[in-house]
Amino acid sequence: MPTLETSAGTLAYDERGEGPTLVMLPSGAHDRHDFDELRELLPGLRTVAVDWPGHGDSPAPAPGRASAMAFADAAEELVERLAPEGAIVLGNSVGGFAAGRLAIRRPELVRGLVLVDSGGFAARTPVVHAFCALMSRAWFLRRVYPTFAKRYMRSRTGADRRALEAAVATTRDDPGLATVCDLWGSFASPEHDLRRAADSISAPTLVVWGRRDPVIPLRIGRKLAASIPGAELVVLETGHVPSTGDPEGFAAALAPFAERVLASPGVTK
């Protein structure tokens, strides 16, 4: 499997197909396989799906180097190296934060933006701070993650169940456990809050949200879509990972969006 050295560590990635590039960034504790079914439904695109450091086939990052911001830096470096002409960038949860921050910081690299149950756009309430602090502790995260993941996945499909099993396995032992703990610790950081910059996103944007997501609820998705000029909101009957909960419904929204983006003036095919 190809890898890329980044400031956050080594990223393993899986590249399939030919055509314009779609980069796919998963949720924390999850890996590139969350996109397997969706990728099969998107012919005509070169899809690049990533394993974050300490996830899947990517080795552990250096101690203390895992954070949402570090992962976003890695995503920026990956797109710059693998798609210097720009790509459609899709991100779920912490992957959504990385994709959104890239669209804000490096708009020339983002031809189209797909935010999926995205992190980085919710208020930092005292409850959020407390929960993030607890989830950053290994003893707590290991104990609660099986129940927590079951709740946010709301599994209906075989792909959902596969993703649930993989997420629980990631958080059972290091390096996944330590990496996910560090991620959670970073979610309460002011740097993880993109709300004030959302209206500066100029890329065509598709916001995809699971109606049954209890972690980042649909009301956040509605506010996010309203805050980005011209953004389109699609709601699917899934939990936190729509790509496994309803890949067909996701593809039905994503394929025409990608076609419109790539047909726009100035987009290199």
Side-chain angles (χ1 to χ4, degrees), residues 3-13 21-32 34-35 48-56 58-62 64-84 86-122 124 128 132 135-136 176 178-203 205-208 215-216 220 224 227-228 240:
T3 61
L4 180 72
E5 296 302 320
T6 75
S7 58
T10 304
L11 291 185
Y13 64 92
T21 302
L22 169 64
V23 174
M24 310 176 94
L25 307 172
S27 177
H30 288 247
D31 61 27
R32 68 187 187 279
D34 278 9
F35 303 114
V48 178
V50 172
D51 283 341
W52 294 121
H55 294 62
S58 293
R65 294 291 298 277
S67 70
M69 289 63 71
F71 282 13
D73 289 342
E76 181 175 327
E77 293 163 33
L78 179 133
V79 175
E80 189 174 44
R81 289 279 299 277
L82 299 186
I88 299 173
V89 184
L90 180 158
N92 184 192
S93 197
V94 69
F97 167 77
R101 199 186 75 155
L102 179 60
I104 293 164
R105 287 167 47 123
R106 300 288 303 278
E108 76 279 7
L109 291 178
V110 181
R111 301 302 191 189
L113 177 65
V114 186
L115 298 173
V116 187
D117 294 69
S118 179
F121 297 95
R124 270 57 182 165
V128 169
C132 288
M135 292 289 275
S136 71
T179 302
V180 176
C181 284
D182 287 345
L183 271 182
W184 275 96
S186 74
F187 290 159
S189 167
E191 295 178 86
H192 187 247
D193 189 348
L194 299 177
R195 288 175 295 164
R196 291 186 178 180
D199 64 358
S200 71
I201 293 173
S202 58
T205 301
L206 177 67
V207 178
V208 179
V215 180
I216 310 178
I220 302 298
L224 174 57
S227 68
I228 299 174
H240 187 62

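Computed over heavy atoms, backbone and side chain alike; hydrogens, waters and symmetry mates excluded.
A heavy-atom distance below 4.5 Å is found between the side chains of Leu224 and Ser227. Taking the side chain as every heavy atom from C-beta outward, Met69 and Phe97 approach each other to under 4.5 Å. Here the side chains of Thr6 and Glu76 are not in contact, with every heavy-atom distance at 4.5 Å or above. Using a 4.5 Å cut-off on side-chain heavy atoms (C-beta onward), Leu78 and Val23 make contact. A 4.5 Å side-chain heavy-atom check between Val128 and Phe187 finds every atom pair outside the cut-off. Counting heavy atoms from C-beta on, the side chains of Ile88 and Leu90 never come closer than 4.5 Å.
Heavy-atom contacts from other residues, nucleotides or ligands closer than 6.0 Å to CZ of Arg106 number more than 12.
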List the steps and the verdict of side chain to side chain contact (heavy atoms under 4.5 Å, CB included) for Ile201 and Leu194. CA-CA 11 Å; Ile201 293 173; Leu194 299 177; over 6 Å; no
Where do Val50 and Arg32 land on the side chain to side chain contact (heavy atoms under 4.5 Å, CB included) test, with the steps shown first? CA-CA 5 Å; Val50 172; Arg32 68 187 187 279; 5.9 Å; no
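Looking only at distances, no side-chain donor or acceptor of Ser58 sits under 3.5 Å from a matching main-chain atom of Gly56. A donor-acceptor contact shorter than 3.5 Å is absent between the side chain of Thr10 and the backbone of Pro59. Although no hydrogens or angles enter the test, the distance criterion places a donor-acceptor pair under 3.5 Å between the side chain of Asn92 and the main chain of Val116. In this structure a side-chain-to-backbone donor-acceptor pair under 3.5 Å is present from His55 to Pro53. Between the side chain of Arg124 and the backbone N or O of His192 there is at least one donor-acceptor pair closer than 3.5 Å.
Among Leu22, Thr21, Val114, Leu25, the single residue meeting the side-chain contact (heavy atoms from CB on, under 4.5 Å) criterion with Val89 is Leu25.
For Ser93 and His240, the side-chain atoms include at least one donor-acceptor pair closer than 3.5 Å.
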